[in-house]
Amino acid sequence: MSEIKITLPDGSIRQYPKGTTGMQIAQSISEGLARVVLAAKVNGEVWDLSREIHHDADFQLFKWDDKEGKSTFWHSSAHLMAEALEAIYPGIKLGIGPPIENGFYYDIDFGLYNFSTDDFDKVEKKMIELAKTNSEYIRKPISKKEAIAYFTEKQDPYKIDLLKDLEDGKITFYTQGNFTDLCKGPHIPHTGHIKAVKLTATAGAYWRGDEKQKQLTRVYAITFPKKSELDEYLVLLEEAKKRDHRKLGKELELFTFSNKVGQGLPLWLPKGADLRGRLQNFLMQKQKEFGYEQVISPHIGHKQLYITSGHYEKYGADSFQPIHTPAEGEEFLLKPMNCPHHCEIYKSKPHSYKELPIRYAEFGTVYRYEQSGELHGLTRVRGFTQDDAHIFCRPDQVREEFNNVIDIVLYIFKTLKFDNFIAQVSLRDKSDRSKYIGSAENWERAENDIIEATKAKGLPTVVEYGEAAFYGPKLDFMVKDALGRSWQLGTIQVDYNLPERFELEYIGSDNKAHRPVMLHRAPFGSMERFVAVLLEHTAGRFPLWLTPEQYILLPISDKFQEYSEKVFHILKKYDIRGSIDARSEKTGRKIRDAEVQKIPFMLIAGEKEMAEGTVSVRQHGGEDLGAMKVEDFVQLIQKTVIKELQN
RNA sequence: GCCGUUGUAGCUCAGUGGUAGAGCACUUCCUUGGUAAGGAAGAGGUCGUGAGUUCAAUUCUCACCAACGGCUCCA
């Protein structure tokens, strides 16, 4: 019998008989490893451990701790759940059941059955019961014809639909216990690895993600190889919920919503408005350094403006309906975008090539009629303020301008410690070009501009086709919230189209009219969404420079009220923000309340402090910095703020 | 917009076919207290809105509205 060479990740090479399985290799390494190993990677492809290896291969084993191990585990769990569901609800039709970031789901057509959260319990029990049988996941290649015959017999239209797109000869079935599914695998060795199961949610999901297709019931679940890991996961979920910006926004009195005002229309409370204003000033100052000029445009604009820009044709039907003037019968739209206004500002006078780039910035509030089901706290609303700006430049300036905008975004992200972002390059749909306006040539140029700039900056990048705006490609900065959902914050877009639609011009050195290029950009994205994500990242403990209340003075008793006010006025002179807790409560109580409010510094003022002109400083979280002169506290704040903003 | 869940005091949540309760917050009084909740009293709700069933609905049914979890969408 011939031998094959297996190269392990550490570079060592071992000889095995041809046809050795991944499991056998694991066993040859150690029995303990063989008990916990879930899948293998053979020449870059994740395989079942039971598959025979017939050629020399680079080889790696995956356990639960590995990303590949988890996804294989959850993929197999999805099959187990399908088996359990079929046992309880005979005749249900199955869609797809993939692993996801935290667990897995299966899309099911329950037919006439009602399935709700009340049924989770019995499904979980059934899954555990089936898992205990230690059923192996058995792989079987099958011809397309046989596969279709199988699912025709089973009357499962969704699997047949899937099979239509698969290539004959590459189709496999997997069977465990009494359940067989169309699946390319791989799977874990047997169901016995699955020890803890939790169904987490149900949701409607259109078949193949298409609104026009039938909506199936998506059942979300997660499984673990140990019961204790499930418990840990549930605790983690609870912790994440505490960081939810909707909860923190209410607790810290930053913003609220009112049904009487309307869905998705946030109301900023004084503290939230203060924080937001501070963020805006922070960005405005940076933008000044980069040569931006502030402009202001009104909240409504003539409908024709948006017809010219192309927005009306694309989004008019899904927007707030036009406002009609009584006398003239004119139509105005609530501003959904700032760019057309800025184009008109550009056109207010002729421009020379020497003036470019011109950078118009505006914290412009825009209104979009988002679908009701899509509204979500502050991250998806119907009225929001973009930290918008439009750069009008010559084609030869695009690259540099683009790089400068990236620098602004990175400066902001760095200052606020957003280190887990992904730069998403959003390009046209490869197959459907009809969704976009503008010439192919302009698109090519714009797409290349973005790809090149991103490469030059060495950003962590992912390319997504079909995610571009209808007028141009984008570079979006994606950041995750407390529950792991990705949100688009900063965005930069190259646009050759609007300048044409608005017939923008500048006079070149050749004394002829030329078309400028436009960059749309918003480093925060929207103030609403940015504050939401910032809240979740900081868990409400904002940096000192940004937080609405930097300190709170806690007089030990009424006797020190006057002294506290004196301190308060000194601090105010230095622009240090805070208040006095003048309630007739004990100090312990005042500290507790200040802790709950996440105020960075608590200044205790009593007999000793009044005599010495000091305050006793306690930091949020409990650290006691001891007594210090008021001037020293001023210094402490100022130095901390400078340090936070240094970058 | 679609599927599912939920809607009781400012907040977090009990509860019932006979028009409601707790804790915290709030108000007043007592207390003047040194690093995470001092004490007492009081006030506060058309039980999301509308309709139906019923002698009687906060409770059961339906519709609508909103929030939440997803799907689709996101200039």
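Given the structure is predicted, the values throughout are model-derived calculations rather than measurements. Order of the sequence lines fixes the chain letters, A, B, ..., with proteins taken first and strands second; residue numbering starts at 1 for each chain.
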Is there a Watson-Crick or G-U wobble partner for U35(B) with both distances under 3.5 Å, and if so, which one is it?
-> none
Report the nucleotide, chosen from A25(B), A75(B), G33(B), that has the shortest atom-to-atom distance to any side-chain atom of Ile556(A).
-> G33(B)
Can you tell me how far the NZ atom of Lys335(A) sits from the CZ atom of Phe320(A), to the nearest 0.5 Å?
-> 15.0 Å
Between A75(B), G34(B), G69(B), spot the one nearest the side chain of His376(A), thanks.
-> G69(B)
If A40(B) has a Watson-Crick or G-U wobble mate with both distances under 3.5 Å, name it; if not, just say none.
-> U28(B)
Of the candidate nucleotides A75(B), A37(B), G4(B), which contains the atom at the shortest distance from the side chain of Met337(A)?
-> A75(B)
Using atom CZ of Phe120(A) as one end and atom P of G69(B) as the other, report the distance to the nearest whole Å.
-> 15 Å
Side-chain atoms of Tyr206(A) come closest, of G34(B), C71(B), A75(B), to C71(B)
Assign Gly209(A) to base, sugar-phosphate, or nothing according to its heavy-atom contacts below 4.0 angstrom with the strands shown.
-> sugar-phosphate
For Ser616(A), which contact category applies under a 4.0 Å heavy-atom criterion: base, sugar-phosphate, or nothing?
-> base
For Tyr367(A) and A75(B), what is the distance between atoms OH and P respectively, to the nearest whole Å?
-> 19 Å
Taking the C1' atom of each, how far is G69(B) from U61(B), in whole Å?
-> 26 Å
Out of A36(B), C74(B), C24(B), which has the shortest distance to the side chain of Arg380(A)?
-> C74(B)
Parallel, tilted or perpendicular: rings of Phe477(A) and Phe421(A) (30°, 60°) | tilted
G69(B) pairs with which nucleotide, Watson-Crick or G-U wobble, both distances below 3.5 Å?
-> C3(B)
How would you label the contact of Gly606(A) with the nucleic acid (heavy atoms, under 4.0 Å): base, sugar-phosphate, or nothing?
-> base
Where the side chain of Arg618(A) is concerned, which of G34(B), A36(B), A75(B) is the nearest nucleotide?
-> A36(B)
Go through residues 254-272 of chain A and report each residue with a non-hydrogen atom lying under 4.0 Å from RNA chain B, sorted by number.
-> Asn259(A), Gln263(A)
Rounded distance (Å) that lies between atom P of G10(B) and atom CD of Glu251(A) | 17 Å
Using the P atom in both, what is the distance from A43(B) to G21(B), to the nearest Å?
-> 13 Å
Mind running side-chain contact (heavy atoms from CB on, under 4.5 Å) on Val197(A) and Phe224(A) for me, showing each step along the way?
-> CA-CA 7 Å; Val197(A) 171; Phe224(A) 295 91; over 6 Å; no
Which of parallel (below 30°), tilted (30 to 60°) and perpendicular (above 60°) describes Phe120(A) and Phe115(A)?
-> tilted
Contact class for Gly525(A) (heavy atom, under 4.0 Å): base, sugar-phosphate, or nothing?
-> nothing
Go ahead and name the base partner of G45(B); Watson-Crick or wobble counts if both distances stay under 3.5 Å, otherwise write none.
-> none
Given the P atoms of A41(B) and G23(B), what is the spacing between them in whole Å?
-> 11 Å
Could you work out the separation of A37(B) and A20(B) based on their C1' atoms and round it to a whole Å?
-> 28 Å
Atom P, compared across G7(B) and G48(B): separation rounded to whole Å = 8 Å
Give Ala203(A) one of three labels, base, sugar-phosphate or nothing, depending on what nucleic acid heavy atoms sit under 4.0 Å from its own.
-> base
Short question: side chain of Asp388(A), backbone of Ala522(A) - any donor-acceptor pair under 3.5 Å?
-> no
On the 0 to 90° scale, with breaks at 30° and 60°, tag the Phe255(A)-His245(A) ring pair as parallel, tilted or perpendicular.
-> tilted
Any-strand Watson-Crick or G-U partner of U59(B), both distances under 3.5 Å | none
Cation-pi geometry met for Arg382(A) and Tyr367(A) (6.0 Å, 45°) = no
Rounded to whole Å, the CG-C1' distance (Leu375(A) to A66(B)) equals 11 Å
Which whole number of Å gives the distance between the P atom of A51(B) and that of A56(B)?
-> 15 Å
Quick check: does any side chain N or O of Glu549(A) sit under 3.5 Å from a backbone N or O of Lys271(A), one acting as donor and the other as acceptor?
-> no
Which of residues 213-223 of chain A sit near RNA chain B, with a heavy atom under 4.0 Å from it?
-> Gln215(A), Arg218(A), Tyr220(A)
Look at the side chain of Asp387(A) and the backbone N and O of Phe524(A), then say whether any donor-acceptor pair between them is shorter than 3.5 Å.
-> yes
Taking atom C1' of A75(B) as reference, at what distance in whole Å does atom CZ of Phe502(A) sit?
-> 13 Å
Is any side-chain N or O of Arg485(A) closer than 4.0 Å to OP1 or OP2 of G69(B)?
-> yes
Rounding to the closest angstrom, what is the interatomic distance between U35(B) and C29(B) at atom C1'?
-> 27 Å
Would you say U32(B) has OP1 or OP2 under 4.0 Å from some side-chain N or O of Ser584(A)?
-> no
Under a 3.5 Å limit on both distances, the Watson-Crick or wobble mate of C11(B) is G23(B)
Hey, does Tyr471(A) reach any base, or is it just sugar-phosphate, or nothing, if we go heavy atoms under 4.0 Å?
-> sugar-phosphate
Gap between atoms CZ and C1', on Arg382(A) and C74(B) respectively (whole Å) = 13 Å
Can any side-chain N or O of Gln321(A) pair as donor or acceptor with the backbone N or O of Ser319(A) at less than 3.5 Å?
-> yes
Any idea which of G34(B), C68(B), G4(B) is nearest the Glu607(A) side chain?
-> G34(B)
Can you tell me, in whole Å, how much space there is between the C1' of G45(B) and that of U19(B)?
-> 12 Å
Shortest side-chain distance from Glu370(A), nucleotide among C74(B), G69(B), A36(B) | C74(B)
Would you mind telling me which of G33(B), A75(B), G70(B) lies closest to the side-chain atoms of Asp558(A)?
-> G33(B)
Nearest whole angstrom, please: distance from the P of U35(B) to the CD of Gln597(A).
-> 21 Å
According to the interplanar angle, ranging from 0 to 90°, do the rings of Phe418(A) and Phe530(A) count as parallel (below 30°), tilted (30 to 60°) or perpendicular (above 60°)?
-> tilted
Interatomic distance, Leu625(A) CG vs U35(B) P [rounded to whole Å] | 16 Å
Quick one: which of A36(B), C74(B), G33(B) gets closest to the side chain of Ser557(A)?
-> G33(B)
Residues Glu101(A), Arg485(A): salt bridge by 4.0 Å N-O rule = no
Under-4.0 Å side-chain N/O to phosphate OP1/OP2 contact, Lys250(A) with U12(B) = yes
With nearest nucleotides of RNA chain B determined for Arg368(A) and Thr117(A) from heavy-atom distances, which residue corresponds to the more 5′ nucleotide?
-> Thr117(A)
N/O donor-acceptor pair under 3.5 Å between Tyr436(A) side chain and Asp429(A) backbone = yes
Could you check whether Arg246(A) gets within reach of a base, just the sugar-phosphate, or nothing at all, counting any heavy atom under 4.0 Å?
-> sugar-phosphate
Tell me whether the OP1 or OP2 atom of G38(B) has a side-chain N or O from Arg589(A) closer than 4.0 Å.
-> yes
Would you check if Val366(A) and His299(A) make a side-chain contact, meaning some heavy-atom pair closer than 4.5 Å?
-> no
